[in-house]
Structure formats: structure tokens, C-alpha cells
Chemist: 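This is the structure, below, for whatever I ask next.
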Amino acid sequence: MTATIIDGKAFAAEVRGRVGEHVARLKEENGITPGLAVVLVGEDPASEVYVRSKGRQTIESGMNSYEHKLPADTSEADLLALIDRLNADPAVNGILVQLPLPGHLNEDLVINAIDPAKDVDGFHISNVGLLATGQKAMVPCTPLGCLMLLREHHGSLSGLNAVVIGRSNIVGKPMAQLLLRDSCTVTVAHSRTRDIEAVVRGADIVVAAVGRAEMVTGDWIKPGATVIDVGINRLPPAEEGGKGRLVGDVEFESAAEVAGAITPVPGGVGPMTIACLLANTLTATCRAHGLAEPEGLTA
Ligand SMILES: Nc1nc(=O)c2c([nH]1)NC[C@@H]1CN(c3ccc(C(=O)N[C@@H](CCC(=O)O)C(=O)O)cc3)C=[N+]21
Ligand SMILES: [Mg+2]
């Protein structure tokens with residue numbers, strides 16, 4: 001293996017530390033404690049794990065955490081009423097509605113009901129448009145975390161060929177926007193892309209966000225390229241009652257033999273996503289109060 005391992009877990013801890021310091025200063029100098037509300041509809045066990053670690057890290061960074069767990073059969077009207085209350089609550093600076101929502105709820109409608117200034121996921125159409133036009137937006141946490149890792153590793157990204165695999169609204173599209181803003185030449189590849197291996201082989205930066213376990217193998221990677229693996233896939237358990245291994249969208253072993261640098265799964269992008277959620281909550285709080293924004297914690 002030749003690649004440098006990009007330690008997302010360690011970098012995320014550093015980001016959280018910087019968020020925590022800024023939060024402490026906000027409290028001392030301005031008497032403000034940022035607040036993050038997380039809304040979870042239904043009982044998906046994996047979602048509950050994320051919600052719990054988000055809540056714990058929010059509190060560890062000195063912010064208030066408000067968790068709203070609603071039953072799976074919650075009506076759209078009840079969910080929208082909760083969002084209205086959170087929008088109006090001055091103690092709540094950030095609102096995250098955990099996705100996916102149960103099938104009877106319209107995700108677009110629900111997300112677009114969030115006050116864009118409190119939309120710490122950056123999924124509201126206003127924030128999507130602001131990002132796409134280079135204006136001050138709330139930026140989706142996973143792509144923001146990937147960008148921070150790339151900037152940390154490369155310094156300038158200007159002129160590099162970046163291939164984003166996956167075109168979701170949550171990762172692929174905003175990732176492409178951020179890379180474009182940092183002056184990469186950006187290609188978005190997806191399930192219909194012809195000769196996808198050859199497309200990926202042209203990339204100095206590969207961001208894999210397709211949700212297919214170990215789809216990208218070492219022979220797809222240009223020697224020396226930087227590989228950011230967004231996938232979190234649980235393989236079927238090897239034994240009865242066991243838990244399957246977590247793998248990314250990249251086959252780590254083979255890719256690490258060719259790449260210059262690569263993020264592991266777990267311990268890569270995942271922890272950065274949560275760190276950026278805290279950073280976004282802090283940013284939203286500063287903007288709401290007309291205060292200076294934290295440096296190095298926004299796009
Ligand atoms: N509105 C919304 N915003 C989200 O940001 C959002 C969401 N909905 N729905 C669910 C996904 C999933 N997600 C993760 C965040 C961190 C890890 C993470 O920290 N993973 C650890 C491993 C965790 C484990 O061991 O299971 C790692 O990669 O090292 C994983 C997954 C955010 N999501
Ligand atoms: Mg796709």
C-alpha cells in the first residue's frame with residue numbers, strides 16, 4: 001500500500017475543537033448559546049445511532065441540542081407545524097430533519113418549509129440556488145466535509161480534474177458545485193455514464209458517492225489521485241446475529257495501492273459530516289445575530 005490515509009476522524013475532532021472554542025467565546029462575549037434541533041420521524045435503528053451521536057457531539061461542543069422523535073405515522077400537517085414552531089423559536093439556530101422520511105411524507109415540501117437561515121443541511125431550494133450562484137449559502141455537511149479534507153490535503157484545488165461519482169441532491173450535485181467554485185474541472189459521473197472506469201481514470205480527485213459497496217476498484221484510479229469515499233455500506237453479516245462490516249463505495253485495499261491519498265470507511269467522511277453540521281449550526285447562529293462568522297469553517 002502506498003497511499004496516504006486521510007484521517008477524517010482526527011480532522012473532524014480538530015474541527016469540533018475549533019467550533020467549541022468559538023461557541024465558548026459566543027457565550028462569554030455575547031451571551032449566546034447556539035441551538036440545534038434534530039427531527040427524527042420513525043424508528044430506523046441506523047438513523048437513531050446517527051441522531052444520538054449528533055446530539056452528544058452538539059452538547060460536547062457547548063451548544064444546546066433539541067431532539068424531536070415523532071412516530072412513523074406522523075401526518076405531514078403535524079410535521080410542518082413542528083417545523084413552524086422551530087422556525088419561530090429564537091433558541092433554535094439550526095434545524096435538521098433526518099432523511100429519508102417515511103414514504104407518505106413529501107420530503108421536498110418538508111425541507112422547503114425550514115427557514116433557509118436555519119437549514120443547516122443546506123437542502124432548502126434557496127440554499128441550493130445560493131450555492132450554485134456563488135452567494136453566501138448554508139452548504140450541505142457531507143460535501144463541505146469532503147471539501148475541507150481536500151483543501152487540507154492539497155491546499156489549492158485549482159485546475160485539478162475532479163470526478164464526482166453520483167448525482168444526488170445531498171452529495172453529488174453540491175459536491176460538484178463546491179469543486180467548481182474551487183476552480184476544479186468537474187465531471188459528474190453516474191449509473192448511466194459510458195465507460196465510467198475511463199472517466200474516473202482521468203481524475204486527480206475522485207469523490208465516490210453512489211451507495212454501492214466497493215464499486216470503485218484500484219484499476220479505476222489514476223496513480224497518485226486523491227480518493228474521497230463518501231459511501232457507508234454495511235455488508236451482510238458473516239455469521240448469524242453478527243453485524244456486517246462497514247465498507248465504502250471504493251474497494252479500499254486495491255485503491256490504496258494506486259492512489260496518492262484516500263479516506264477510510266469508517267473514520268473518513270462520516271465524522272466530518274457531523275463536524276460540519278456543528279460548524280453550520282455555529283455559522284447560522286453568527287449570521288442570525290449579525291456577528292462575524294467563524295473562519296475556516298465555511299466553504
Ligand atoms: N437530513 C439528514 N442529514 C444528514 O446528514 C443525514 C441524514 N439526514 N440521514 C442519514 C445520513 C447518514 N449520516 C451520517 C453521518 C455520520 C456518519 C458517521 O459518522 N459514520 C461513521 C461510522 C458510523 C458507524 O460505525 O456506523 C464513520 O464513517 O466513521 C454516518 C452517517 C448523516 N445523514
Ligand atoms: Mg446515481
Side-chain angles (χ1 to χ4, degrees), residues 5-13 15-16 36-58 60-61 65 67-70 79 82-83 86 94-102 105-114 116 118-124 127-128 138-146 148-149 166 168-175 207-211 213 228-235 237 242-250 252 262-281 284:
I5 309 296
I6 298 178
D7 189 343
K9 194 175 171 186
F11 194 59
V15 169
R16 290 199 305 273
L36 171 64
V38 174
V39 179
L40 177 62
V41 185
E43 310 217 336
D44 176 53
S47 283
E48 290 193 31
V49 174
Y50 302 140
V51 169
R52 230 176 300 132
S53 63
K54 281 172 200 166
R56 181 173 47 75
Q57 295 183 24
T58 304
E60 280 170 8
S61 70
S65 169
E67 280 180 22
H68 295 268
K69 290 192 183 178
L70 307 180
L79 180 54
L82 170 60
I83 290 174
L86 298 172
I95 301 170
L96 178 146
V97 177
Q98 180 90 8
L99 300 178
L101 289 169
L105 299 170
N106 180 336
E107 281 182 0
D108 289 336
L109 190 84
V110 169
I111 294 305
N112 291 326
I114 297 170
K118 298 188 179 188
D119 169 36
V120 284
D121 263 327
F123 296 161
H124 190 288
N127 282 314
V128 176
M138 294 305 304
V139 175
C141 304
T142 298
L144 179 57
C146 294
M148 285 185 186
L149 292 176
S168 71
N169 293 331
I170 293 173
V171 183
K173 286 182 204 167
M175 188 75 248
V207 180
V210 270
I228 305 292
D229 190 352
V230 177
I232 299 180
N233 311 289
R234 201 171 281 285
L235 293 179
K243 251 189 162 189
R245 197 162 56 91
L246 272 192
V247 298
D249 293 347
V250 178
F252 184 85
I262 185 168
T263 61
V265 177
V269 172
M272 287 300 293
T273 297
I274 301 184
C276 288
L277 174 67
L278 305 182
N280 277 351
T281 303

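For ligands, and for the atoms within them, numbers begin at 1 and follow the listed sequence.
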Chemist: Decide whether an N or O pair under 3.5 Å exists between Q98 and ligand 1.
Modeler: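 N/O-N/O distance below 3.5 Å exists for this pair.
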
Chemist: Can you find an N/O atom of L99 closer than 3.5 Å to an N/O atom of ligand 1?
Modeler: yes

Chemist: Give the atoms of ligand 1, by number and element, whose distance to some non-hydrogen atom of P271 is under 4.0 Å.
Modeler: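 Listed by number with element, the hits are 19 (O), 27 (C), 28 (O), 29 (O).
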
Chemist: Have a look at ligand 1 and work out which part of L246, if any, has a heavy atom under 4.0 Å from it: side chain, backbone, both or neither.
Modeler: side chain

Chemist: Relative to ligand 1, is R234 under 4.0 angstrom through side chain, backbone, both or neither, heavy atoms considered?
Modeler: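 Near ligand 1, R234 shows its side chain, while the N, CA, C and O stay back.
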
Chemist: Which of the atoms of ligand 1 are close to P266, meaning less than 4.0 Å from one of its heavy atoms?
Modeler: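 Reading through ligand 1 atom by atom, the close ones are 22 (C), 27 (C), 28 (O), 29 (O).
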
Chemist: Quick check on R56: does its CZ atom have over 12 non-hydrogen neighbours (other residues, nucleotides or ligands) under 6.0 Å away?
Modeler: yes

Chemist: Under 3.5 Å, N or O to N or O, is T273 touching ligand 1 that way?
Modeler: no

Chemist: Measure the distances from the heavy atoms of G267 to every atom of ligand 1 and state whether one is below 4.0 angstrom.
Modeler: yes

Chemist: Name the residue from D121, L144, N280 that meets the side-chain contact (heavy atoms from CB on, under 4.5 Å) definition with M138.
Modeler: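 Between M138 and the candidates, side-chain contact (heavy atoms from CB on, under 4.5 Å) is satisfied uniquely by N280.
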
Chemist: Please confirm whether V97 comes within less than 3.5 Å of ligand 1 when only nitrogen or oxygen atoms on both sides are compared.
Modeler: yes

Chemist: For the side chain of K118 and the backbone of L86, is there at least one donor-acceptor N/O pair under 3.5 Å apart?
Modeler: yes

Chemist: Side chain, backbone, both or neither: which applies to V49 and ligand 1 if a contact is any heavy-atom pair less than 4.0 Å apart?
Modeler: neither

Chemist: About how many Å separate OG1 of T273 and CD1 of I232, when rounded to the nearest 0.5 Å?
Modeler: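 Here the interatomic distance stands at 7.0 Å.
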
Chemist: Is K9 near ligand 1, meaning one of its heavy atoms is under 4.0 Å from it?
Modeler: no

Chemist: Distance under 4.0 Å to a non-hydrogen atom of I232: what atoms of ligand 1 satisfy this?
Modeler: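 Counting atoms of ligand 1 from 1, those under 4.0 Å from I232 are 20 (N), 28 (O), 30 (C), 31 (C).
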
Chemist: Closest heavy-atom contact between I228 and C146?
Modeler: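 What the structure gives for the nearest pair is CG2-SG, 3.6 Å.
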
